[in-house]
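One structure is given here, and the rest of the page talks about it.
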Number of protein chains: 2
Amino acid sequence: MADVVMEEGPEAAEARDVTDFILQDILAGVLLPGTWLKQIDLERRYKCTRPEVRRALDRLAQKRLVEHVPNRGYHVYEPDGRRAQEVSEIRIILETAIAATIVSNAAADEIAKLRKLADHFDLMVLNGTMLELYEANLAFHRQLLTLGGNLELVDLITEIRQRTSSAPVSQWRTRARVEQSGREHHQMIDAIAAGDVESLKALVRQHILQR
Amino acid sequence: MADVVMEEGPEAAEARDVTDFILQDILAGVLLPGTWLKQIDLERRYKCTRPEVRRALDRLAQKRLVEHVPNRGYHVYEPDGRRAQEVSEIRIILETAIAATIVSNAAADEIAKLRKLADHFDLMVLNGTMLELYEANLAFHRQLLTLGGNLELVDLITEIRQRTSSAPVSQWRTRARVEQSGREHHQMIDAIAAGDVESLKALVRQHILQR
DNA sequence: GTAACCTAAATTGGCGCCAATTTTGGATAC
DNA sequence: GTATCCAAAATTGGCGCCAATTTAGGTTAC
């Protein structure tokens with residue numbers, strides 16, 4: 001239970017920060033790649049002050065989700081195929097490297113917890129907004145990665161997922177792909193329950209590459 | 001040559017930013033772990049304005065090099081053994097994963113370039129400041145990692161090296177260890193030249209773990 | 001119709017200022 | 001000597017304002 005509380009607590013608190021509001025709109029495809037983010041528009045949109053907007057934009061620029069052009073403002077980065085491919089490659093390296101640890105750490109209650117999050121994702125496929133879907137997906141993956149035992153790695157992967165604006169609108173191009181992602185979640189859990197490290201690795205790779 | 005220019009150009013530009021000044025002082029051990037960073041002191045120290053200081057501190061806080069305590073200010077994070085160990089583990093996973101690619105990509109001129117950087121590090125061991133040593137080390141490793149062909153990974157590793165304030169003062173506790181690092185650089189280059197992937201991996205691991 | 005120019009409007013960038021909060025140091029009580 | 005209290009000093013946090021820069025739209029020339 002403590003893990004569940006911790007996952008939901010910080011997120012609730014952070015949801016109030018302008019940085020997250022903007023990020024959510026980028027990820028949801030509301031603020032499209034190439035869009036110029038005018039500070040005064042953002043003030044009005046998110047009902048906050050200029051300094052707050054500026055801090056949020058600077059943070060997003062540091063994460064390379066938006067680009068700062070001096071005296072002109074900030075715009076959402078265009079998708080960069082090279083970067084996306086490289087980030088996927090990094091994720092595959094990291095997530096397959098900890099597959100064996102995940103499998104050996106997965107007690108029955110952890111597997112049940114994962115199954116519950118995978119079910120929640122399936123539910124969001126049916127009934128949720130794009131953002132809810134994204135967050136359900138993230139919750140599942142964070143929980144999965146936490147079994148690897150390296151908290152820095154969990155945070156790192158969560159962070160780099162955002163680097164290429166793996167927005168739902170670009171991540172899941174078809175309803176069929178979304179549903180396959182849901183099935184893959186369950187297949188990963190099956191592999192873990194069966195202690196099958198190689199299957200888990202293969203599934204992780206397939207999942208990240210979206211094939 | 002183009003690579004060398006690119007490496008030195010951005011660095012020269014960034015060296016003027018307060019974020020980097022503060023970061024350098026943290027890495028050099030001037031601003032020790034636990035030190036409270038008073039904004040008005042930093043203004044005076046780096047001869048800049050309050051907004052610049054604030055932006056720099058926020059950025060460093062985002063990178064978790066400093067911690068923000070509301071209404072009290074910012075302080076340099078204390079070393080965290082768990083985080084350092086986890087970051088090392090991540091680095092080992094990533095850097096050994098691309099060892100084969102490094103070896104296959106290493107043409108003679110690349111090897112010569114690495115050798116030159118390793119020699120430069122040795123020179124800094126003898127004659128350089130702690131900061132120059134740190135930067136020579138970083139230059140060597142960036143060049144090495146670039147051979148892996150994944151630019152995001154190069155930037156990522158550069159970034160996470162800083163997370164645990166791998167300051168020279170804590171990274172190299174003895175002169176002997178510094179000199180060994182220099183020898184290991186050359187041994188890595190030898191392994192690459194010999195096409196010996198497994199030796200390179202072992203050396204990378206040993207190097208990161210500082211044993 | 002297109003290009004160049006100019007001006008007003010819009011926006012960004014950054015500084016100064018002050019309210020809010022914390023820290024410091026002295027006075028007082030025990 | 002130690003603990004508590006209080007006021008002054010120091011610092012942080014954030015807002016308002018305005019200079020600097022860019023954009024947008026109208027006018028003129030070809």
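The sequence lines fix the lettering, A, B, ..., with proteins before strands; numbering per chain opens at 1.
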Item to complete: Verify side-chain hydrogen bond (donor to acceptor under 3.5 Å, both in side chains) between R142(B) and T158(B), making sure each step is shown before the conclusion.
Response: CA-CA 7 Å; R142(B) 280 191 66 95; T158(B) 302; 2.9 Å; yes
Worksheet, complete the sentence: Reading nucleotides 6-12 of chain D from 5' to 3' and marking B where a protein heavy atom lies under 4.0 Å of the base, S where only the sugar-phosphate is that close, and - otherwise, the string is -----SB
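- Atom pair R55(B):CZ and dG13(D):P shows a separation of 17 Å (rounding to whole Å applied).
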Discussion item. Would K116(A) and D119(A) count as a salt bridge (Lys or Arg N to Asp or Glu O under 4.0 Å) here? Give the steps.
Written reply: CA-CA 5 Å; K116(A) 191 172 176 184; D119(A) 288 338; over 6 Å; no
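- The aromatic rings of F121(B) and H185(B) sit perpendicular to each other, their planes meeting at more than 60°, with 30° as the lower class boundary.
- Checked by atom type and distance alone, the side chain of D25(B) never pairs as donor or acceptor with a backbone atom of L31(B) at under 3.5 Å.
- Using a 4.0 Å cut-off between charged nitrogen and carboxylate oxygen, E86(A) and R83(A) do not count as a salt-bridge pair.
- Under 4.0 angstrom from either OP1 or OP2 of dG14(D) there lies no side-chain N or O belonging to T49(A).
- Distance CH2 (W36(A)) to C1' (dT21(D)): 13 Å, rounded to an integer number of Å.
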